[in-house]
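Just the heavy atoms: all of them, side chains too, but no hydrogens, waters or symmetry mates, feed the values below.
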Amino acid sequence: NEKGFNEGVSKLSSLGKSGLSIVSKAMTGAVAAVGTAAGVIIKSSLGVVANMEQQVGGVETLFKDSADTVIKNANRAYKTAQISANDYMSTVTSFSASLLQGLGGDTAKAAGIADMALIDMAIIDMADNANKMGTNMQDIQNAYQGFAKQNYTMLDNLKLGYGGTQSEMIRLINDSGILNEKISDLDNVTFDQMIQAIHVIQQNLGITGTSAEEAGKTIEGSVNSAKAAWENFQGGVITSQELVETFGTATQNILKNLGEIVPRLGKTGLEVVGAIADKIGDSVPAAKG
């Protein structure tokens with residue numbers, strides 16, 4: 001990343017006044033935005049903290065002694081799933097109701113599964129699927145909740161090559177090999193085994209780990225991670241160093257790609273980019289002091 005960052009800066013610098021002007025305008029706009037957004041940030045922070053208190057309360061109610069494990073996974077989800085701790089816990093709360101039902105309402109067993117990170121694996125699998133396949137996260141979550149209720153009509157939401165039928169879920173489980181035997185019905189298949197089977201299939205298709213990889217290497221992924229990290233920082237669950245590192249990764253990816261793209265634009269392209277930079281600067285109100 002550092003190499004790409006330096007190369008990006010070098011390429012932009014080689015453009016001379018035009019390239020440096022673009023960077024300067026962008027940075028000026030960013031500084032002005034910070035100066036005028038203090039009130040918005042404070043209001044947003046209070047909202048994040050209030051939401052976090054509510055989400056933590058829900059997790060503690062559902063998972064009791066295992067709540068700390070869920071919260072720990074939530075706090076690192078900005079790296080693993082490109083989502084904030086609040087969004088992670090919200091998903092867990094909604095998803096866990098189905099998990100408990102899928103496991104026959106055995107709270108103690110659900111807590112054990114949380115300790116083994118099955119819920120964390122499922123949520124990261126959902127995020128990986130959304131990021132890799134372009135599926136709406138809510139549609140994926142609905143599919144998982146359906147599986148807990150023996151409803152497989154939304155299996156095709158996952159875009160793994162399996163249709164929305166019971167026979168297709170049987171085929172998916174057989175293809176995953178998690179049971180070490182071929183099955184012809186789902187009578188003795190538990191919800192957690194379905195979660196594990198989906199994980200294996202996504203792993204075989206190269207979907208597993210997409211969110212974490214993109215959070216470090218792509219513009220969209222690193223920006224999503226930075227947004228989630230900022231919300232986590234407002235909520236006090238990550239350090240300023242972690243926040244800076246995450247924003248640094250996003251900046252490196254942006255500058256690296258900008259450094260590769262801008263030299264190919266030519267004079268006309270530079271004028272267009274410069275005009276866009278002007279518009280960005282004009283749209284930011286001057287700081288009031």
Side-chain angles (χ1 to χ4, degrees), residues 1 4 73-74 76-96 98-99 117-149 151-169 171-173 175-176 178 191 194-232 246-247 249-258 260-261 276:
N1 279 342
N73 290 335
R76 66 183 180 84
Y78 74 97
K79 291 181 178 180
T80 60
Q82 297 176 25
I83 58 177
S84 68
N86 277 343
D87 287 342
Y88 182 98
M89 287 188 287
S90 176
T91 303
V92 166
T93 302
S94 175
F95 176 59
S96 295
S98 296
L99 177 64
L118 180 61
I119 292 176
D120 186 52
M121 181 180 74
I123 294 176
I124 293 175
D125 281 346
M126 291 180 191
D128 286 343
N129 192 294
N131 290 322
K132 184 72 171 183
M133 311 304 288
T135 312
N136 182 281
M137 184 68 164
Q138 187 61 56
D139 290 339
I140 298 172
Q141 187 173 326
N142 288 342
Y144 274 76
Q145 290 174 330
F147 305 154
K149 303 171 185 176
N151 180 348
Y152 311 106
T153 57
M154 291 178 283
L155 178 57
D156 55 353
N157 284 5
L158 305 185
K159 300 178 182 177
L160 301 177
Y162 300 88
T165 64
Q166 180 173 313
S167 61
E168 285 291 86
M169 176 59 85
R171 184 167 71 90
L172 183 150
I173 292 171
D175 289 347
S176 74
I178 65 160
F191 181 42
M194 293 179 194
I195 291 174
Q196 293 173 47
I198 292 170
H199 178 75
V200 170
I201 295 299
Q202 292 201 163
Q203 194 170 37
N204 292 343
L205 292 174
I207 297 174
T208 300
T210 299
S211 300
E213 183 176 7
E214 289 185 353
K217 294 184 178 180
T218 70
I219 290 178
E220 182 178 6
S222 58
V223 168
N224 286 340
S225 181
K227 289 178 181 177
W230 171 243
E231 183 174 325
N232 282 7
T246 306
F247 270 78
T249 298
T251 302
Q252 288 172 359
N253 288 328
I254 291 169
L255 279 178
K256 178 179 181 295
N257 283 274
L258 190 61
E260 293 173 351
I261 293 170
I276 292 173

Quick one: does [X]'s side chain have a donor or acceptor within less than 3.5 Å of a partner on [Y]'s backbone?
{"X": "Thr91", "Y": "Asp87", "value": "yes"}
{"X": "Thr80", "Y": "Ala212", "value": "no"}
{"X": "Ser90", "Y": "Asn86", "value": "no"}
{"X": "Ser176", "Y": "Ile173", "value": "yes"}

I need the minimum non-hydrogen distance between [X] and [Y], along with the two atoms involved.
{"X": "Ala74", "Y": "Asn232", "answer": "O-ND2, 4.5 Å"}
{"X": "Phe147", "Y": "Ile198", "answer": "CE1-CD1, 3.7 Å"}
{"X": "Gly216", "Y": "Thr249", "answer": "O-CG2, 3.5 Å"}
{"X": "Tyr78", "Y": "Ser225", "answer": "O-OG, 2.7 Å"}
{"X": "Glu168", "Y": "Gly161", "answer": "OE2-O, 4.1 Å"}
{"X": "Ala228", "Y": "Ser84", "answer": "CB-N, 3.4 Å"}

Working to the nearest 0.5 Å, report the span between [atom1] of [X] and [atom2] of [Y].
{"X": "Gln141", "Y": "Asn136", "atom1": "CD", "atom2": "CG", "answer": "10.0 Å"}
{"X": "Asp175", "Y": "Asn204", "atom1": "CG", "atom2": "CG", "answer": "9.0 Å"}
{"X": "Leu172", "Y": "Met169", "atom1": "CG", "atom2": "CE", "answer": "6.0 Å"}
{"X": "Asn224", "Y": "Thr246", "atom1": "CG", "atom2": "OG1", "answer": "12.5 Å"}
{"X": "Met194", "Y": "Leu155", "atom1": "CE", "atom2": "CG", "answer": "10.0 Å"}
{"X": "Ile195", "Y": "Ile119", "atom1": "CD1", "atom2": "CD1", "answer": "7.5 Å"}

Where do Glu213 and Asn131 land on the side chain to side chain contact (heavy atoms under 4.5 Å, CB included) test, with the steps shown first? CA-CA 11 Å; Glu213 183 176 7; Asn131 290 322; over 6 Å; no
Audit row: Tyr144, Asp125, side chain to side chain donor-acceptor pair (under 3.5 Å) steps and yes/no: CA-CA 11 Å; Tyr144 274 76; Asp125 281 346; 4.6 Å; no
Would the number of heavy atoms belonging to other residues, nucleotides or ligands and lying under 6.0 Å from CD of Gln138 be above 12?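 Atom CD in Gln138 is crowded, with more than 12 foreign heavy atoms closer than 6.0 Å.
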Do [X] and [Y] come within less than 4.5 Å of each other through their side chains, counting heavy atoms only?
{"X": "Ile207", "Y": "Leu160", "result": "yes"}
{"X": "Glu214", "Y": "Glu220", "result": "no"}
{"X": "Asn129", "Y": "Met126", "result": "no"}
{"X": "Lys227", "Y": "Gln82", "result": "no"}

Walk me through whether Asp128 and Ser211 qualify under side chain to side chain donor-acceptor pair (under 3.5 Å). CA-CA 5 Å; Asp128 286 343; Ser211 300; 2.8 Å; yes
Can you list the steps and then say if Leu158 with Thr135 is a side chain to side chain contact (heavy atoms under 4.5 Å, CB included)? CA-CA 7 Å; Leu158 305 185; Thr135 312; over 6 Å; no
For Lys159, is there an ion pair with Asp139 - N to carboxylate O distance below 4.0 angstrom?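 No, this pair does not count.
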